[in-house]
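Okay, so here's the structure we're looking at.
Computed from heavy atoms alone, side chains included, the values below leave out hydrogens, waters and symmetry copies. Letters go in sequence order (proteins before strands), and every chain restarts at 1.
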Amino acid sequence: EAQVTQNPRYLITVTGKKLTVTCSQNMNHEYMSWYRQDPGLGLRQIYYSMNVEVTDKGDVPEGYKVSRKEKRNFPLILESPSPNQTSLYFCASRRNGPTGLREQYFGPGTRLTVT
Amino acid sequence: KNQVEQSPQSLIILEGKNCTLQCNYTVSPFSNLRWYKQDTGRGPVSLTIMTFSENTKSNGRYTATLDADTKQSSLHITASQLSDSASYICVVSAQDSNYQLIWGAGTKLIIKP
């Protein structure tokens, strides 16, 4: 089954304790992206990757790191989490394409709470 | 500044009734507009994608319209069902080098029996 998976689905942690949220897709998509979703706001892009070893900042990259060593994986790293990073996080993937009409597929989400 | 605004913020209707959700955008240059359905606690799922030249597009009981001149879109849901309860998000893609997406905050739709 074609899908984007994220782990963990739920995470409660304390300020300053490094964590990684994994994302994996089995559709051979070039493009992968991380978003956060907060109440009353639209999804905001954190980082994206157009292909292996290529990553770029989105709208809200502060406090996050990513890497793209393999095509299928795109982990999100919080080196020193803070309470304002409490949010619902989504990973997404799609094919690159010249028209920008490629369908984007989302993972199930990771609910992160930082105390 | 590129923005997408949706109205209403929330809506409650009875099962079987129709409803229309609105989306206004100020994204330029425009590439395409998408409507997503997001069930609570889950990732968004695409309903429709429309380009500049498309005025209307249907997906079952969902019909999206686009007026590129006034920069407005609507999503019409016909004969609503309980499973339509979700957030509906309007997303506009700018025609930049990466076709980045500008997300609306969504309309939360509740269908009551």
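Pairs passing the salt bridge (Lys or Arg N to Asp or Glu O under 4.0 Å) check and including a residue from residues 31-53 of chain A, sequence neighbours excluded, read A:R36-A:D38, A:D38-A:R44. Screening residues 64-77 of chain B for salt bridge (Lys or Arg N to Asp or Glu O under 4.0 Å) gives no qualifying pairs among residues at least two apart or on separate chains. For residues 59-78 of chain A, the salt bridge (Lys or Arg N to Asp or Glu O under 4.0 Å) pairs, not counting sequence neighbours, are A:K65-A:E79.
For A:Y35, the part lying under 4.5 angstrom from a heavy atom of chain B is the side chain only. In this structure, the portion of B:Q38 lying under 4.5 Å from any heavy atom of chain A is its side chain and not its backbone. Contact annotation for B:T51: only side-chain heavy atoms (C-beta onward) come within less than 4.5 Å of a heavy atom of chain A. In this structure, the portion of A:L41 lying under 4.5 Å from any heavy atom of chain B is its backbone and not its side chain.
Following chains of ILVMFWY side-chain contacts shorter than 4.5 Å, one cannot reach A:Y64 starting from A:Y31, and the two form parts of different hydrophobic clusters. Residue B:V27 is not grouped with residue B:I89 when hydrophobic side chains (ILVMFWY) are merged at heavy-atom distances under 4.5 angstrom, including chains of intermediate members. Hydrophobic clustering of Ile, Leu, Val, Met, Phe, Trp and Tyr side chains at less than 4.5 Å, counting indirect connections, keeps B:V91 apart from B:L21. Both A:L78 and A:L11 belong to a single network of hydrophobic side chains, linked directly or stepwise wherever heavy atoms of I, L, V, M, F, W or Y lie under 4.5 Å apart.
Once rounded to the nearest 0.5 Å, the distance linking CG of B:L101 with CD of A:Q45 reads 7.5 Å. Note that the CZ atom of A:R102 and the CG atom of B:N32 stand 12.0 Å from one another [nearest 0.5 Å].
The candidate from A:R9, A:R111, A:Q6, A:Q104 with the greatest count of non-hydrogen atom pairs under 4.5 Å with chain B is A:Q104.
Residues of residues 103-113 of chain B lying under 4.5 angstrom from chain A, judged on non-hydrogen atoms, are B:W103, B:G104, B:A105 in numerical order.
Atom CZ of B:R42 sits in a sparse spot, with 12 or fewer heavy atoms from other residues, nucleotides or ligands closer than 6.0 Å. More than 12 heavy atoms of other residues, nucleotides or ligands lie within 6.0 Å of CD in B:Q72, so this atom counts as buried by the packing criterion.
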